[in-house]
Amino acid sequence: MTQVRELYLSVADTAAKLLAAPEVADGWHQPSALAKLSVQGLAGHLAGQVFFIPTVLAEPVPTEPAISIHEYYARVSWIGSDLDTPFNQAIRSGGEEEAADGPAALAARVAACVEELRGILPTAPDRLVRRPTWGPWSIRLDDFITSRMLELVVHSDDLAHSVGLPTPQFPAPAVETVVDLLSRIALRRHGATNVLRALSRSERAPASISAL
């Protein structure tokens with residue numbers, strides 16, 4: 001099994017435990033830390049980053065050409081997009097629907113899916129995968145797993161903050177992988193000078209170098 005798959009399974013297991021926390025159930029119908037998204041919707045979106053993996057593994061191998069994970073993030077249209085775009089509206093409604101059966105049911109489904117992935121990921125070939133919302137391209141399975149790990153780490157922080165819990169502790173290599181991806185996105189969005197100043201010169205730092 002590749003390192004990224006091991007890291008992903010560890011991160012997904014931690015996210016599953018967060019979803020099962022009583023604080024998440026208590027705040028289920030409250031607003032989350034993300035604009036226009038309830039705790040329920042955020043929990044559903046977080047869970048989706050686990051459910052995506054068996055979904056893509058069950059689909060036919062795409063014929064679209066493969067691109068790198070960095071090119072994938074350069075091409076997606078949702079980074080920095082307005083909250084009311086159809087894509088972002090669909091993310092919110094999809095999260096609500098994913099979690100419609102309540103916190104206990106969602107947490108149980110995620111835990112079961114993580115256990116399923118422990119059995120299938122070690123020997124799954126690094127095939128091409130593709131989601132229907134993408135353009136005419138595909139990416140390698142391990143790159144897709146890496147992108148889902150980014151989502152799990154970022155949204156676990158969002159969910160924990162939303163319900164007053166500390167951010168979960170993830171393996172250092174997982175966080176380093178996510179930070180590397182976010183840094184590359186930030187460079188494209190804000191330019192090298194702004195990123196360098198934000199990381200090294202607080203007196204000249206820009207207001208934000210947010211990647212997403």
Out of curiosity, Ile185 CD1 to His70 NE2, how far, rounded to the nearest 0.5 Å?
9.0 Å

Any donor and acceptor pair, going by atom type alone, linking the side chain of Gln40 with main-chain N or O of Glu96 inside 3.5 Å?
yes

Short question: side chain of Thr14, backbone of Ser10 - any donor-acceptor pair under 3.5 Å?
yes

The residue among Ile53, Val114, Thr146 that forms side-chain contact (heavy atoms from CB on, under 4.5 Å) with Tyr8 is Ile53

Residue set satisfying side chain to side chain donor-acceptor pair (under 3.5 Å) with Gln30, at least two apart, ordered chain then number -> none

Heavy atoms, side chains only, cut-off 4.5 Å: are Gln3 and Pro173 in contact?
yes

Under the 3.5 angstrom rule, does the side chain of Ser162 hit a backbone N or O of Ala33 as a donor-acceptor pair?
yes

For residues 146-166, the ring-ring contact (aromatic ring centres under 6.0 Å, His included) pairs (sequence neighbours left out) are His45-His155

Looking at every heavy atom in both Ala205 and Ala198, which two are closest together, and how far apart are they?
CB-CA, 3.9 Å

Is there side-chain contact between Val129 and Asp143, with at least one heavy-atom pair below 4.5 Å?
no

Just so I know, are the side chains of Leu150 and Val153 near enough to count as touching, which here means a heavy-atom distance under 4.5 Å?
no

Would you please test Tyr73 and Arg188 for side-chain contact (heavy atoms from CB on, under 4.5 Å) and show each step?
CA-CA 10 Å; Tyr73 282 112; Arg188 284 192 296 272; 3.3 Å; yes

Trp134 and Ile139, any side-chain heavy atoms less than 4.5 Å apart:
yes

Within a strict 4.5 Å, meaning less than it, do heavy atoms of the Val24 and Leu106 side chains meet?
no

Distance alone, cut at 3.5 Å: any donor-acceptor contact between the side chains of Asp158 and Ser32?
no

Atom pair OG1 (Thr2) and CG (Leu7), whose distance is rounded to the nearest 0.5 Å
8.5 Å

Stepwise side-chain contact (heavy atoms from CB on, under 4.5 Å) check, Val11 with Arg148
CA-CA 10 Å; Val11 168; Arg148 295 315 95 190; over 6 Å; no

Do the side chains of Arg131 and Glu59 get close enough for a salt bridge, i.e. N-O under 4.0 angstrom?
yes

Between Arg189 and Ala211 (side chain of the first, backbone of the second, donor and acceptor by atom type, cut-off under 3.5 Å), is there such a pair?
yes

Answer yes or no: does atom CD of Glu115 have more than 12 heavy-atom neighbours from other residues, nucleotides or ligands under 6.0 Å?
no

In Å, rounded to the nearest 0.5 Å, how long is the span from CG of Leu141 to CG of Leu121?
7.0 Å

Between Leu187 and Leu181, is there shared hydrophobic-cluster membership here, with clusters defined by ILVMFWY side-chain heavy atoms closer than 4.5 Å?
no

Quick one: does Asp84's side chain get under 4.5 Å of Arg92's, heavy atoms only?
yes

If two hydrophobic side chains count as joined below 4.5 Å and joins carry through other members, does Leu128 share a cluster with Val56?
no

Applying salt bridge (Lys or Arg N to Asp or Glu O under 4.0 Å), which residue pairs with at least one partner in residues 169-186 are found, sequence neighbours left out?
none

If you draw a 6.0 Å radius around CD in Glu64, do more than 12 non-hydrogen atoms from other residues or ligands fall strictly inside?
yes

For the residue pair Val50 and Leu117, establish whether any side-chain heavy-atom pair is separated by less than 4.5 Å.
yes

Atom CG of Asp157 and atom CG of Leu46: how far apart are they, to the nearest 0.5 Å?
11.0 Å

Is there a path from Val178 to Trp78 through hydrophobic residues (I, L, V, M, F, W, Y) whose side chains come within less than 4.5 Å of each other?
yes

Judged by atom type as modelled, is there a donor-acceptor pair below 3.5 Å linking the side chain of Arg127 to the main-chain atoms of Leu57?
yes

Search all heavy atoms of Ile209 against all heavy atoms of Ala186 and return the closest pair with its distance.
O-CB, 3.4 Å

Asp101 atom CG, over 12 foreign heavy atoms within 6.0 Å:
no

Do Leu34 and Val39 share a hydrophobic cluster (ILVMFWY, side-chain heavy atoms under 4.5 Å, transitive)?
yes

Under 3.5 Å: donor-acceptor pair, side chain of Arg130, backbone of Gly135:
yes

Applying the 4.5 Å side-chain criterion to the ILVMFWY set and letting contacts propagate, would Val154 and Leu83 be lumped into a single cluster?
no

Quick one: CG on Asp13 to CZ on Phe170, what's the gap to the nearest 0.5 Å?
10.5 Å

Ignoring hydrogens and angles, tell me if any N or O in the side chain of Thr85 forms a donor-acceptor pair with the backbone of Asp82 under 3.5 Å.
yes

Test your reading of the model: is there a side-chain donor-acceptor pair from Arg109 to the backbone of Glu98, 3.5 Å cut-off?
yes

Is the backbone N or O of Ala124 less than 3.5 Å from a side-chain atom of Arg5, with the two atoms forming a donor-acceptor pair by type?
yes

At what distance, to the nearest 0.5 angstrom, does CG of Leu165 lie from CG of Leu159?
8.0 Å

Flag the pair Leu182 / Leu212 as yes when at least one side-chain heavy-atom distance between them is below 4.5 Å, and no otherwise.
yes

